[in-house]
S.K.: 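Questions regarding the structure given below will be posed in turn.
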Amino acid sequence: MAQTKYIFVTGGVASSLGKGIISASLAKLLQATGYSVTIQKLDPYINIDPGTLNPYEHGECYVTEDGAETDLDLGHYERFLNTETSQANNVTTGIIYQSVINKERRGDYLGKTVQVVPHITDEIKYRIKLLGKSKKYDFVITEIGGTVGDIESLPYIEAVRQLRWEMGRDCLVIHLTLVPYLAATGELKTKPTQHSVKTLLEYGVQPDILVCRTEKHINQTLRNKIALFCNVESNAVVESIDTETIYNVPILMLEQKLDKVVLKKLNMPDDREPDLTRWREFLQKLKNPKKEIKIGLIGKYAELKDAYKSIIESFIHAGTTNECKVKISFVQAENITEENTKEKLSDLSGILVAPGFGERGIEGKISAIKYARLNKIPFLGICLGMQCAVIEFARNVLGYKDAHSTEINPSTDHPVIDIMEDQKKIVSKGGTMRLGAYQCTLSPDSKIFSIYNKSEISERHRHRYEFNNKYLEEFINAGMIPTGINQEGDLVEIIELKDHPWFIGVQFHPEYKSTVAHPHPLFINFIKAAMEMNG
Ligand code: GLN
């Protein structure tokens with residue numbers, strides 16, 4: 001295979017301009033042209049990973065097959081490309097420093113003073129080149145978190161400067177900026193972009209391509225102006241206009257010829273057209289739903305959509321498969337009580353109780369589940385959502401009024417959800433849960449079997465607590481059936497209710513594996529059940 005090419009994506013002017021989506025869209029175009037691509041995210045914070053970060057700070061924590069707790073952008077990469085990422089695809093300043101400090105303690109630096117340049121930058125460069133070393137990829141796209149000019153991002157930008165020098169034409173830099181529209185004068189403004197590029201230049205990095213986020217079209221005169229002030233060719237000034245769905249962005253980038261400009265600059269053949277037939281079919285269906293339903297997402301952070309990113313995207317994929325627009329009604333679990341369930345939940349065609357940690361909102365989730373169980377509303381419980389379904393059943397069907405998870409009530413007499421034996425001795429919080437892909441065997445006569453249509457599945461996990469097998473017989477006898485088991489650990493992974501049209505709880509996270517190319521069967525079937533319920 002030819003030399004791997006490296007593409008760096010930096011951001012300027014403001015955060016949240018969509019570097020992750022631009023990176024994923026470019027990767028999609030290159031992949032659809034026949035190239036192998038992977039995307040990496042470098043995060044300039046000192047946490048080792050976002051696993052210990054509050055979703056208020058950082059949105060959802062995405063989990064990879066190999067059990068890495070990563071930035072939510074990796075979810076976009078997987079959803080766009082339908083290929084797996086791994087621990088190597090998300091590197092933080094914490095990881096970089098930890099590794100350099102460990103080397104220093106081992107004496108690897110042989111008496112040298114350990115410094116940001118070259119030791120930290122060498123470690124960053126090593127992590128970037130690691131993905132290329134596997135020789136699996138034609139392109140490695142590295143997205144650098146943060147905004148150019150931040151103190152935290154400096155070592156990363158410096159590493160990019162050094163790599164450009166070393167790699168020459170085998171790498172390029174794409175800088176994403178904002179071109180704001182001033183309504184008062186009716187003008188798009190290029191000055192913030194000019195300044196942002198100047199900042200990059202101060203650090204010794206000349207971007208090759210500018211992607212300009214904008215709410216109005218950028219005309220040729222403006223492109224020429226940006227090109228002139230920022231030393232880029234005017235065909236390398238790419239407009240990224242606001243659009244109604246992120247899944248449009250690859251098409252917009254295709255129209256802007258971002259892929260062609262990249263290939264040309266990297267001396268790669270640019271005569272093939274990307275095959276986006278399936279992507280366009282998906283978009284066509286997404287934009288022309290035949291039905292609409294409302295699903296309740298009951299979570300701790302109703303006001304915080306990023307905390308449930310993968311679930312929301314899974315609904316978009318599954319709704320599209322069913323040609324149905326899924327409207328998500330975010331319900332804050334804390335606000336639900338036994339008394340107000342009807343008022344809060346009666347207009348929903350399906351109820352999903354979200355994953356989560358800690359006590360807040362638990363009782364509201366349990367009340368919502370009781371409502372779904374008694375009123376035969378399609379219910380999907382994910383991780384904590386499944387655990388709450390088990391607690392609800394224990395309390396209201398088995399009659400154990402104090403039943404609980406020992407995460408919330410360690411002294412309950414009926415710990416129907418309990419900590420795993422090998423987790424009891426763990427004190428450190430980071431990266432110590434049951435994480436990543438595990439096998440699960442499905443019962444042949446179950447609903448879940450008919451959904452997956454196979455008996456062996458693998459799904460990703462992120463939790464410490466488990467169904468307590470001490471109660472298994474009682475649950476089965478009363479009608480809550482374990483229909484998926486991890487045989488290695490004898491762990492209940494899935495529960496179903498016998499007397500209910502669609503009631504499934506899963507200890508794993510199906511949402512991490514739903515992609516545009518492969519919407520997740522569990523979500524597809526849940527939406528189907530909700531549509532049927534709706535008539
Ligand atoms: N807090 C629960 C546990 O650790 C559930 C975690 C989750 O929903 N991801 O087991």
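Values in this document were obtained by computation on a predicted structure and should not be read as measured data. One-based numbering, in listed order, for ligands and for the atoms of each.
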S.K.: Tell me if a side-chain donor or acceptor on K365 pairs with a main-chain N or O of L384 at a distance below 3.5 Å.
M.R.: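 Between the backbone of L384 and the side chain of K365 there is no qualifying donor-acceptor contact (under 3.5 Å).
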S.K.: State whether Y438 and R434 meet the cation-pi test: NZ (Lys) or CZ (Arg) under 6.0 Å from the six-membered ring centroid, and within 45° of the perpendicular axis.
M.R.: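 Yes; both conditions hold, so R434 lies above the ring face of Y438.
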S.K.: Can you check which of R462, E466, Q387 brings a heavy atom nearest to atom 9 (N) of ligand 1?
M.R.: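 Going through R462, E466, Q387 one by one, R462 has the nearest heavy atom to atom 9 (N) of ligand 1.
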S.K.: Which of these passes ring pair (Phe, Tyr, Trp, His ring centres under 6.0 Å) with F503: F379, F526, Y371?
M.R.: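 Among F379, F526, Y371, the one meeting ring pair (Phe, Tyr, Trp, His ring centres under 6.0 Å) with F503 is F379.
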S.K.: Please check this pair: side chain of S514 against backbone of E511, looking for a donor-acceptor N/O pair closer than 3.5 Å.
M.R.: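 Judged by distance alone, no pair lies under 3.5 Å.
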S.K.: So which protein heavy atom does atom 5 (C) of ligand 1 come closest to, and at what separation?
M.R.: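 Atom 5 (C) of ligand 1 sits closest to the protein heavy atom G356 O, 3.3 Å.
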S.K.: Side-chain contact test, heavy atoms from C-beta onward, threshold under 4.5 Å: evaluate it for E493 versus I485 and give yes or no.
M.R.: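 No; the side chains remain at least 4.5 Å from each other.
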S.K.: Among protein heavy atoms, which lies nearest atom 7 (C) of ligand 1, and at what distance?
M.R.: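 For atom 7 (C) of ligand 1, the nearest protein heavy atom is C383 SG, 3.0 Å.
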S.K.: Taking the side chain as every heavy atom from C-beta outward, state whether D49 and Q87 have any atom pair closer than 4.5 Å.
M.R.: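 Not in contact.
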S.K.: Could you tell me, atom by atom, which parts of ligand 1 come under 4.0 Å of a heavy atom of H509?
M.R.: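 Every atom of ligand 1 under 4.0 Å from some heavy atom of H509: 9 (N).
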S.K.: To the nearest 0.1 Å, how far is atom 10 (O) of ligand 1 from its closest protein heavy atom, and which atom is that?
M.R.: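 Closest protein heavy atom to atom 10 (O) of ligand 1: Y465 N, 2.8 Å.
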S.K.: Checking K305 against F330: charged group under 6.0 Å from the ring centre and within 45 degrees of the axis?
M.R.: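 Pair K305/F330 counts as cation-pi.
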S.K.: Nearest protein heavy-atom contact for atom 4 (O) of ligand 1: which residue, which atom, what distance?
M.R.: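 Nearest neighbour among protein heavy atoms for atom 4 (O) of ligand 1, to 0.1 Å: R464 N, 3.0 Å.
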S.K.: Does any N or O atom in L384 lie less than 3.5 angstrom from one in ligand 1, N or O only?
M.R.: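 L384 vs ligand 1: N/O contact under 3.5 Å present.
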S.K.: Before giving the answer on side-chain hydrogen bond (donor to acceptor under 3.5 Å, both in side chains), spell out for H58 and D306 the whole-Å C-alpha distance, their side-chain angles and the decisive distance to 0.1 Å.
M.R.: CA-CA 8 Å; H58 206 258; D306 268 3; over 6 Å; no
S.K.: Would you say M433 touches ligand 1, if touching means a heavy atom closer than 4.0 Å?
M.R.: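 No, M433 has no heavy atoms under 4.0 Å from ligand 1.
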S.K.: List every atom of ligand 1 that sits less than 4.0 Å from any heavy atom of E407, numbering the atoms from 1 in the order shown and giving each element.
M.R.: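 Contacts of ligand 1 toward E407, numbered from 1: 1 (N), 2 (C), 3 (C).
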S.K.: Pairs of nitrogen or oxygen atoms closer than 3.5 Å, one from Q507 and one from ligand 1: do any exist?
M.R.: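 It does not: no N or O of Q507 is found under 3.5 Å from an N or O of ligand 1.
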S.K.: Would you mind running through ligand 1 and noting each atom that sits below 4.0 Å from a heavy atom of H463?
M.R.: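 It comes down to these atoms of ligand 1: 3 (C), 4 (O), 6 (C), 10 (O).
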